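Working notes, beginning with the structure itself.
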Amino acid sequence: MSPPVLVRNKVPSTRKKALGLVACTALIIGNMVGSGFYVSPASLAPYGQLAIVSWIVMGVGAVCLGLVFARLAHSYPATGGPYAYTRAAYGDFAGFLVAWGYWISIWASLPAIAVAFTGYLAQLVPALKESRPEIVMVTIGVIWLIVLINLRGVREAGLLQSITTFAKLIPFLAIATLGLLWVRPHNLAVFNPSGKPLFEASAAVAPLIMFAYLGLESATVPAGDVRDAERTIPRATLLGVSAAALLYVLGTVTVMGVIPREQLARSSSPFADASSAMWGHWAGGFIAVGALVSSLGALNGWTLLMGQVPMAAAQDGLLPIWLGRRSERGVPAIAILISASLATALLLVEASGGRGFVAFYNFIVNLATMAAVIPYVFCSLAGVIIRRKNILPTGGTRSSFKLVEIVAFVFAVWTLYGCGAEAVLYGLLLLVLGIPLYVWMRSRGAEPGAPLAREARPEGTDFVHCLSPDVPAPNAR
């Protein structure tokens, strides 16, 4: 087996790149500030002040992870993000598992985001609360609406991401700032009302909060479509993670301080309920509209990414090559359609069971978080191995562990522990199911790449030039 190729810009250098700093920052904020935030106060209500402290602590860990990804992206902006970095550091099989698990985490997140969309829509259309089949149809419909938008092209998806991100921030910034004036301190008086030991309660809170931080690496995934990726991606990552963390802390303090804990734990639209309590029913409807826009933005961002990750792995020979083909509009249409179909199947399976809103949401959150944290564990220390291999394209030197990498690793492992036995079990089974596909690809003679070869090119490194002469270039479309 030959050493892995560190794939940088996989799009032909003649194709205009569609994503700039604004779009990349919007992609990160849009993916992070979604249903994981707008429903989380209800899930975190039993934990009182501990939840707020956990937002801050987890925010520090998320910033460290963001710094790790920013450093990786600055040195080698590779399409595929966590997958590309893992493969460069640990080899083909680890890269495959991370790509497989990361892909699972993305399409498994779509049902939770879409369910949150429907929950806030029911705030505006109460009749939806009375019909489970209608809720399921609306939830599936919004998933496929966003899929159709993404099939039109990366530029259209990026434009929608920018619009939805900045449109949704206005009402929730109002809650996170002005809403602090309506906080009742006695609602926040208890540190850990859950009755669980501190260690156990902190672990239980971790995946619920981490789900809201998922997406911090979003700008690294479509690196081949990013203008001036070496500078744009690190800046977008730090801006996006910092802005989202601040919004999370202030927003949670407001909602938990306005609504009594017992009432909040039963809410399916906590921010709308909090705004109604502060400013009247009109405000609840206004916030519900903002949450709908937010959920659309999160769905759009994850739909964009769930095509990019399998495309990157396919172009490296780790997944079937047809997953790496671009449509006439330059998008990995087959990968997007297959991912959306799996998300729909997961939604239908859960809808056929007896889980309630909160139970369904928590299960999907834990499963998606577990699958997403596995790549974070690998990537947190990937830079150490890559530096020791001395394959930095920007002339970096070998060095030992950095503090930010150690913090990011501990943060990721702690979150994985907090996902619980059920989610870890199901996540592990899904990961193991990918092994036969890897074996099949290798048995067919697919050779995943050759040693890294780079040439200094002002327009960026093309994927074709990262291959040795005896490795055929994949179909760019």
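Small disclaimer: the values here were computed from a predicted structure and weren't measured.
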Margin query: Tell me whether the rings of Y438 and F96 are parallel (<30°), tilted (30 to 60°) or perpendicular (>60°).
Written below: tilted

For residues 134-146, please give each side-chain donor-acceptor pair under 3.5 Å, one per line with the distance, not counting sequence neighbours.
unit_1 : atom_1 : unit_2 : atom_2 : d
T139   : OG1    : T118   : OG1    : 2.7
T139   : OG1    : I135   : O      : 2.7
W144   : NE1    : T344   : OG1    : 2.9

Note to self: Within this structure, what is the OG1-CD1 distance for the pair T252 and I175, rounded to the nearest 0.5 Å?
What the structure shows: 11.0 Å

Note to self: The criterion is side-chain contact (heavy atoms from CB on, under 4.5 Å); which residues satisfy it with S54, sequence neighbours excluded?
What the structure shows: L50, V205, I209

Margin query: With heavy-atom distances below 4.5 Å as the criterion, would you say the side chains of T303 and I149 are in contact?
Written below: no

Check: Does the side chain of L347 reach to within under 4.5 Å of the side chain of L110, using non-hydrogen atoms?
Finding: no

Check: Between G307 and I336, what is the shortest heavy-atom contact and its length?
Finding: CA-CG1, 3.8 Å

Margin query: Could you tell me if the side chain of L44 sits less than 4.5 Å from the side chain of W55, heavy atoms only?
Written below: yes

Item checked: G418 to P207 - nearest heavy-atom pair and separation -> O-CG, 3.2 Å

Note to self: Angle between ring planes, W103 versus W107, binned at 30° and 60°: parallel, tilted or perpendicular?
What the structure shows: perpendicular

Margin query: For the CG atom of L342 and the CD1 atom of I106, what is their distance to the nearest 0.5 Å?
Written below: 12.5 Å

Check: So do L437 and W100 actually touch side chain to side chain, heavy atoms under 4.5 Å?
Finding: yes

Item checked: For P41 against V255, the heavy-atom pair lying closest together -> CB-CG1, 3.8 Å

Notebook entry, point to check: When rounded to the nearest 0.5 angstrom, what is the spacing between CZ in F271 and CD1 in I259?
Noted result: 9.0 Å

Note to self: Going by the rule side-chain contact (heavy atoms from CB on, under 4.5 Å), which residues pair with A174 if we only count those two or more places apart in sequence or in a different chain?
What the structure shows: none

Notebook entry, point to check: Roughly how far, to the nearest 0.5 Å, is the CZ atom of R442 from the CG atom of D92?
Noted result: 5.5 Å

Checklist line | Which residues share a ring-ring contact (aromatic ring centres under 6.0 Å, His included) with Y426, sequence neighbours left out | finding: F363

Check: Quick one: are L323 and M311 in side-chain contact, heavy atoms under 4.5 Å?
Finding: no

Item checked: All side-chain contact (heavy atoms from CB on, under 4.5 Å) counterparts of L67, not counting sequence neighbours -> V63, L238, V404

Margin query: Could you check, using the six-membered ring where one of them is a Trp, whether Y248 and Y213 have ring centers closer than 6.0 angstrom?
Written below: yes

Next item on the list: Answer yes or no: is there a side-chain heavy-atom contact under 4.5 Å between M256 and L264?
Entry: yes

Checklist line | Side chain to side chain, V424 and C419, heavy atoms closer than 4.5 Å | finding: yes

Notebook entry, point to check: How long is the span from the CZ atom in F411 to the CG atom in L416, to the nearest 0.5 Å?
Noted result: 12.0 Å

Item checked: Closest contact, heavy atoms only, S341 versus L337 -> OG-O, 2.8 Å

Checklist line | Spatial distance of atom CG (L65) from atom CE (M210) [nearest 0.5 Å] | finding: 6.0 Å

Note to self: Minimum heavy-atom separation for A343 and P111, please, with both atom names.
What the structure shows: O-CG, 3.5 Å

Check: What pairs with A176 under side-chain contact (heavy atoms from CB on, under 4.5 Å), at least two apart in sequence or on another chain?
Finding: L247, L250

Next item on the list: Using the side-chain contact (heavy atoms from CB on, under 4.5 Å) rule, take W279 and L178 through it: C-alpha gap first, then chi angles, then the decisive distance, then the call.
Entry: CA-CA 11 Å; W279 304 314; L178 298 178; 4.3 Å; yes

Notebook entry, point to check: Counting only N and O atoms by type, is there a donor-acceptor contact under 3.5 Å from the side chain of S443 to the main-chain atoms of W440?
Noted result: yes

Next item on the list: Measure the shortest side-chain to side-chain distance between S109 and F211 over non-hydrogen atoms and say whether it is less than 4.5 angstrom.
Entry: yes

Next item on the list: Of all the heavy-atom pairs spanning A371 and S105, show the shortest one and how long it is.
Entry: CB-CB, 3.6 Å

